[in-house]
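In each ligand, atom 1 is the first atom listed, and ligand 1 is the first ligand listed.
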Amino acid sequence: MSEQELKALRVRIDSLDEKVLELISERARCAQEVARVKMASLAEGEVPVFYRPEREAQVLKRVMERNKGPLGNEEMARLFREIMSSCLALEQPLKVAYLGPEGTFTQAAAMKHFGHAVISKPMAAIDEVFREVAAGAVNFGVVPVENSTEGAVNHTLDSFLEHDMVICGEVELRIHHHLLVGENTKTDSISRIYSHAQSLAQCRKWLDAHYPNVERVAVSSNAEAAKRVKGEWNSAAIAGDMAAGLYGLTRLAEKIEDRPDNSTRFLMIGSQEVPPTGDDKTSIIVSMSNKPGALHELLVPFHDNGIDLTRIETRPSRSGKWTYVFFIDFMGHHRDPLVKGVLEKISQEAVALKVLGSYPKAVL
Ligand SMILES: O=C(O)C(=O)C[C@]1(C(=O)O)C=C[C@@H](O)C=C1
């Protein structure tokens with residue numbers, strides 16, 4: 001390509017950028033107007049709701065449907081996610097607590113869902129995220145709920161039994177783990193590998209094959225593992241890209257997870273009910289009496305009404321020995337007449353039924 005051609009193309013890019021800039025600013029002014037309308041239409045004592053997950057899901061879906069390339073749908077939606085995040089920050093900057101420290105996959109999930117224009121707050125434990133939301137110190141919390149290789153995150157499920165929370169969104173992240181070392185690490189003398197217990201489990205076969213005799217030390221998070229390695233010469237950490245970048249570690253081995261499709265699902269928790277979008281999921285907790293056929297009775301209404309179950313998990317209930325609660329996710333919104341009917345039927349048989357929330361199915 002000649003210098004001349006390159007120059008001409010850059011002139012075109014400059015002129016397009018000016019138009020994009022103008023359009024983004026116009027959109028942001030529109031969002032400010034939306035905020036004004038929301039404030040003006042409040043009934044007495046009503047609190048304004050600026051963040052509208054159902055509308056955000058609609059905007060992102062529309063972008064993906066209309067995108068003609070060459071940028072991929074996900075790439076384009078990510079750009080719009082950030083534009084919306086900044087527009088919302090003009091209306092009201094959201095405060096979001098997540099399972100920290102900085103550099104965790106949960107932080108990456110929070111950014112994927114809310115964009116980067118939020119005030120984010122790392123918490124030391126899952127239960128602390130729940131407490132922070134319950135106390136009203138933040139608008140939303142982000143917690144991991146299940147991993148495709150290792151299954152349920154029990155701390156999260158148990159926290160739902162203790163706190164009254166509304167689930168208002170979900171996000172899925174592809175999880176890639178790397179073996180990370182610091183600049184002082186003697187790579188042939190590694191005697192200890194730190195990571196979160198779930199991540200150690202997700203890389204079990206790789207570790208058995210490559211470091212069978214090295215001590216595996218479970219710590220509170222992958223980011224904590226990365227932090228420790230920075231100051232030690234004989235240890236390594238298993239963590240993701242964000243932690244590697246944050247603590248300046250290098251990858252001794254990349255993508256060491258045993259399953260290439262290793263993914264984690266995260267939930268957004270808050271106190272705001274989300275209206276239906278037409279493509280929603282609902283999460284409920286149900287406890288049934290301890291009698292034969294109880295689980296069957298619970299599942300029949302879903303089957304009879306053609307409602308798609310996406311997950312069912314069992315946890316010991318806190319109220320009695322050998323009694324259990326079921327966490328169930330299914331397609332549909334609790335305001336859909338069909339779902340309403342199913343929930344009524346179940347509540348006739350159940351000891352207790354709690355709707356944790358209906359929320360748009362993850363778009364990104
Ligand atoms: O449509 C709204 O209610 C808005 O506030 C605008 C907007 C947007 O930028 O598109 C911003 C924040 C909301 O969470 C949803 C959408």
Atom pairs, nitrogen or oxygen, ligand 1 to protein, under 3.5 angstrom:
residue, atom, partner, partner atom, Å
ligand 1, 3 (O), Lys38, NZ, 2.8
ligand 1, 5 (O), Lys38, NZ, 2.8
ligand 1, 5 (O), Glu91, OE1, 3.3
ligand 1, 5 (O), Glu91, OE2, 2.5
ligand 1, 9 (O), Arg27, NH1, 2.8
ligand 1, 10 (O), Arg27, NH2, 2.9
ligand 1, 14 (O), Arg52, N, 2.9
ligand 1, 14 (O), Glu56, OE2, 2.6

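Ring centroid separation for the pair His196 and Phe105 does not come in under the 6.0 Å cut-off. Ring centroid separation for the pair Phe140 and Tyr51 comes in under the 6.0 Å cut-off.
No hydrogens or angles considered: a donor-acceptor pair under 3.5 Å links the side chains of Asp241 and His178.
Ring orientation note: the planes of Phe302 and Phe330 are tilted relative to one another, at an angle of 30° to 60°.
Side chain of Arg315 to backbone of Phe327: no donor-acceptor contact under 3.5 angstrom is found.
Under the side-chain hydrogen bond (donor to acceptor under 3.5 Å, both in side chains) criterion, Ser221 pairs with no residue at all, not counting sequence neighbours.
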